[in-house]
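The block underneath contains the structure these notes are about, expressed in structure tokens.
All figures in this text were calculated on a predicted structure; none of them were measured in a lab.
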Amino acid sequence: QVQLVESGGGLVQAGGSLRLSCAASGRTFNNDVVAWFRQAPGKEREFVAGIRWRIIITNYADSVKGRFTISRDNAKNTVYLQMNSLKPEDTGVYYCATRPGISPPHVGRYDYWGQGTQVTVSS
């Protein structure tokens with residue numbers, strides 16, 4: 001059974017930083033596409049950032065470009081989302097998701113999802 005576990009969320013003031021982690025069990029990422037999504041209260045889930053594992057390509061939502069960075073650690077089978085200059089509108093539950101293949105991370109369906117980690121940005 002594939003399991004994705006997100007961690008690193010919390011409460012931070014505007015302008016602060018957090019680093020989210022997504023660790024997988026039951027599957028290695030190296031032939032996959034991995035992405036972060038978020039869902040804010042009253043809004044639909046949206047794509048935040050994604051990475052193609054084997055030959056790296058990254059995609060970012062326009063709202064986070066220049067502030068967020070997605071990266072991978074192959075040895076740890078883990079994806080990270082470094083979030084800097086956080087804004088209140090970044091508040092939401094952040095989900096890690098993955099699928100096999102090489103298609104662009106910002107489009108298409110994802111097969112496996114984590115349970116999410118809450119990010120709250122005050123002020």
Side-chain angles (χ1 to χ4, degrees):
Q1 184 81 23
V2 176
Q3 185 176 30
L4 304 178
V5 179
E6 303 97 333
S7 62
L11 175 64
V12 65
Q13 291 185 332
S17 298
L18 289 171
R19 189 180 74 161
L20 306 183
S21 299
C22 172
S25 62
R27 186 181 183 90
T28 57
F29 284 140
N30 70 327
N31 294 305
D32 287 357
V33 174
V34 187
W36 289 96
F37 291 78
R38 69 186 180 191
Q39 187 166 19
K43 295 184 178 180
E44 295 185 352
R45 187 171 58 197
E46 64 176 341
F47 174 84
V48 176
I51 184 168
R52 187 179 69 185
W53 201 271
R54 194 171 182 89
I55 302 174
I56 294 175
I57 291 177
T58 57
N59 296 139
Y60 297 93
D62 288 342
S63 60
V64 307
K65 287 180 179 177
R67 299 188 297 120
F68 291 12
T69 303
I70 188 170
S71 62
R72 65 159 173 86
D73 187 328
N74 190 52
K76 297 180 179 179
N77 201 39
T78 298
V79 170
Y80 303 98
L81 185 67
Q82 179 67 46
M83 305 186 294
N84 298 326
S85 301
L86 283 162
K87 304 175 181 179
E89 51 262 44
D90 295 318
T91 293
V93 178
Y94 283 68
Y95 299 91
C96 180
T98 190
R99 66 174 182 238
I102 60 172
S103 57
H106 65 294
V107 296
R109 180 179 176 180
Y110 283 81
D111 300 318
Y112 303 104
W113 293 80
Q115 294 298 305
T117 185
Q118 177 71 43
V119 172
T120 303
V121 184
S122 63
S123 299

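Here the shortest heavy-atom pairing between Ser21 and Thr78 reads CB-CG2, 4.2 Å. Of all non-hydrogen atoms in Asn59 and Pro105, the two that sit nearest each other are OD1-CD, 2.7 Å. Closest approach of Ser17 and Ser85 over heavy atoms only: OG-N, 4.3 Å. For the pair Phe47 and Ala35, the tightest heavy-atom approach, listed with the atom from each and the gap, is CE1-CB, 3.8 Å.
Between Gln13 atom CD and Ser123 atom OG the span is 6.0 Å, to the nearest 0.5 Å. Between the NZ atom of Lys65 and the OH atom of Tyr60 there is a distance of 10.5 Å, given to the nearest 0.5 Å. Atom-to-atom distance recorded for Arg99:CZ and Trp113:CH2 is 10.0 Å, nearest 0.5 angstrom. For the atom pair CG (Asn31) and CD1 (Ile102), the distance works out to 10.0 Å, reported to the nearest 0.5 Å. The distance from the CD atom of Gln82 to the CD1 atom of Ile70 is 12.0 Å, given to the nearest 0.5 Å. Note that the CG atom of Leu81 and the OG1 atom of Thr117 stand 11.0 Å from one another [nearest 0.5 Å].
The cluster map of Ile, Leu, Val, Met, Phe, Trp and Tyr, joined by side-chain heavy atoms under 4.5 Å apart, puts Ile51 and Val64 in the same cluster. The hydrophobic cluster containing Val48 also contains Val119, counting ILVMFWY residues as joined when their side-chain heavy atoms lie under 4.5 angstrom apart, directly or transitively. No path of Ile, Leu, Val, Met, Phe, Trp and Tyr side chains, each step under 4.5 Å between heavy atoms, connects Val5 with Val2, placing them in separate hydrophobic clusters. One hydrophobic cluster, built from ILVMFWY side chains closer than 4.5 Å, holds both Tyr112 and Val34.
A distance-only check finds no donor-acceptor pair linking the side chain of Tyr80 to the backbone of Thr69 [under 3.5 Å]. Thr98 places a side-chain N or O within 3.5 Å of a backbone atom of Val33 that can act as its donor or acceptor partner. In this structure, Glu6 contributes its side chain and Gln115 its backbone to a donor-acceptor pair below 3.5 Å.
Relative ring orientation between Phe68 and Tyr94 is described as tilted, the plane-to-plane angle lying within the 30° to 60° band.
Between Pro104 and Ile57, every side-chain heavy-atom pair lies at or beyond the 4.5 Å cut-off. Residues Trp36 and Met83 have side chains not in contact (no heavy-atom distance under 4.5 Å, counting atoms from C-beta outward). In this structure, the side chains of Phe29 and Leu4 come closer than 4.5 Å at one or more pairs of heavy atoms.
The stretch residues 86-98 participates, sequence neighbours left out, in these salt bridge (charged side-chain N to carboxylate O under 4.0 Å, His left out) pairs: Arg38-Asp90, Arg67-Asp90.
Between Asp32 and the choices Arg54, Arg27, Arg72, Arg52, the salt bridge (charged side-chain N to carboxylate O under 4.0 Å, His left out) rule is met once, by Arg27.
Residues passing the side-chain hydrogen bond (donor to acceptor under 3.5 Å, both in side chains) test with Asn74 are Trp53, sequence neighbours excluded.
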